[in-house]
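To start, the structure under review is shown below, and the notes come after it.
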Amino acid sequence: AVVSTQSTGAFNWAYTDNGCRIALTGGHLSEVNANDDNTHGLGNNYACNPLTNTPNGADWPHDISNIQDCPLQSCREVRLQGTDHGPGPHLKSGPVYGNY
C-alpha cells in the first residue's frame, strides 16, 4: 500500500509563503491564508512562493515530513524522514520509513 491512512492525496498544496507537492487529506491541510507551516508531506518548502516554486531562502526545504500537527507558533521540532533538508533550526532528521 502507498499509504496506510484513510486519506486521499492533495497535490501542489499552496498556502501563504509555503508549499507541499503531495500531502494526505487525513493530515492537516492549512487554509490558503494561514501562515502556520503546518501542511506536511512530500516535497515541502516553507518561506517560498509556492506558485512559482521560488525560494525566499535555503533554510526550510525538506523532502519528507511525517503527518503531524505542528503549527509554526508552537512547534519546535518538525519531524522529518531522513536528512535531506535545509538548515532550519526546527527541522529534525529522523528514520526513513520506506523507499521514496
Task: Any Asp59 side-chain heavy atom under 4.5 Å of Tyr46 side chain - done: no
Open item on the list: Quick one, Ser93 and His85 - any side-chain contact, counting heavy atoms below 4.5 Å?
Closed with: yes
- [ ] Mind listing the closest non-hydrogen atom pair of Pro87 and Ala58 along with its distance?
- [x] CD-O, 3.3 Å
- [ ] Scan side-chain atoms only and decide if Thr39 and His28 contain a donor-acceptor pair under the 3.5 Å cut-off.
- [x] no
TODO: Give the minimum heavy-atom separation between Pro55 and Cys48, together with the two atoms involved.
DONE: CA-CB, 3.8 Å
Task: Sub-4.5 Å side-chain heavy-atom contact between Pro71 and Asp37 - done: no
Open item on the list: Has His90 got a side-chain atom pairing as donor or acceptor with Gly88's backbone, closer than 3.5 angstrom?
Closed with: no
- [ ] Supply the atom-to-atom distance Thr83 OG1 to Leu91 CG, rounded to the nearest 0.5 angstrom.
- [x] 12.0 Å
Task: From Ile22 atom CD1 to Asn12 atom CG, the distance as rounded to the nearest 0.5 Å - done: 8.0 Å
Open item on the list: If we ignore hydrogens and angles and just use 3.5 Å, is the side chain of Asn49 paired with the main-chain N or O of Leu51 as donor and acceptor?
Closed with: yes
Open item on the list: For Gly98 versus Val96, what's the shortest heavy-atom pair and its separation?
Closed with: O-CG1, 3.0 Å
Open item on the list: Rounded to the nearest 0.5 Å, what separates atom CG in Asn35 from atom CG in Asn18?
Closed with: 5.5 Å
- [ ] Give me the one residue out of Ile67, Leu80, Ile64, Val78 that meets side chain to side chain contact (heavy atoms under 4.5 Å, CB included) with His40.
- [x] Val78
Open item on the list: Side chains of Gln73 and Asp36 only: does a donor on one sit below 3.5 Å from an acceptor on the other?
Closed with: no
- [ ] May I have the step-by-step check of side-chain hydrogen bond (donor to acceptor under 3.5 Å, both in side chains) for Asn44 and Ser65, ending in yes or no?
- [x] CA-CA 8 Å; Asn44 307 281; Ser65 180; 4.8 Å; no
Open item on the list: Tell me whether Gln81 contacts the main-chain N or O of Asn66 through its side chain, where contact means a donor paired with an acceptor under 3.5 Å.
Closed with: no
Open item on the list: So, taking the atom named CG in Leu42 and the one named CG in Asp63, what distance separates them when rounded to the nearest 0.5 Å?
Closed with: 8.5 Å
Task: Glu77 side-chain N/O to Lys92 backbone N/O, donor-acceptor pair under 3.5 Å - done: no
Open item on the list: Regarding Thr25 and Thr8, do their side chains bring together a donor and an acceptor under 3.5 Å, going by distance alone?
Closed with: yes
Task: Expected output: side-chain Tyr15 to main-chain Ala34 donor-acceptor under 3.5 Å - done: no
Task: Closest non-hydrogen atom pair between Pro50 and Gly19, with its separation - done: CB-CA, 3.9 Å
Task: Note, Arg21 side chain near Phe11 side chain (heavy atom, < 4.5 Å) - done: no
Task: Distance-only donor-acceptor check, side chains Asp69 and Asn38, under 3.5 Å - done: yes
Open item on the list: Testing the basics here: between Leu29 and Trp13, what is the closest heavy-atom pair and its distance to 0.1 Å?
Closed with: CB-CZ2, 3.6 Å
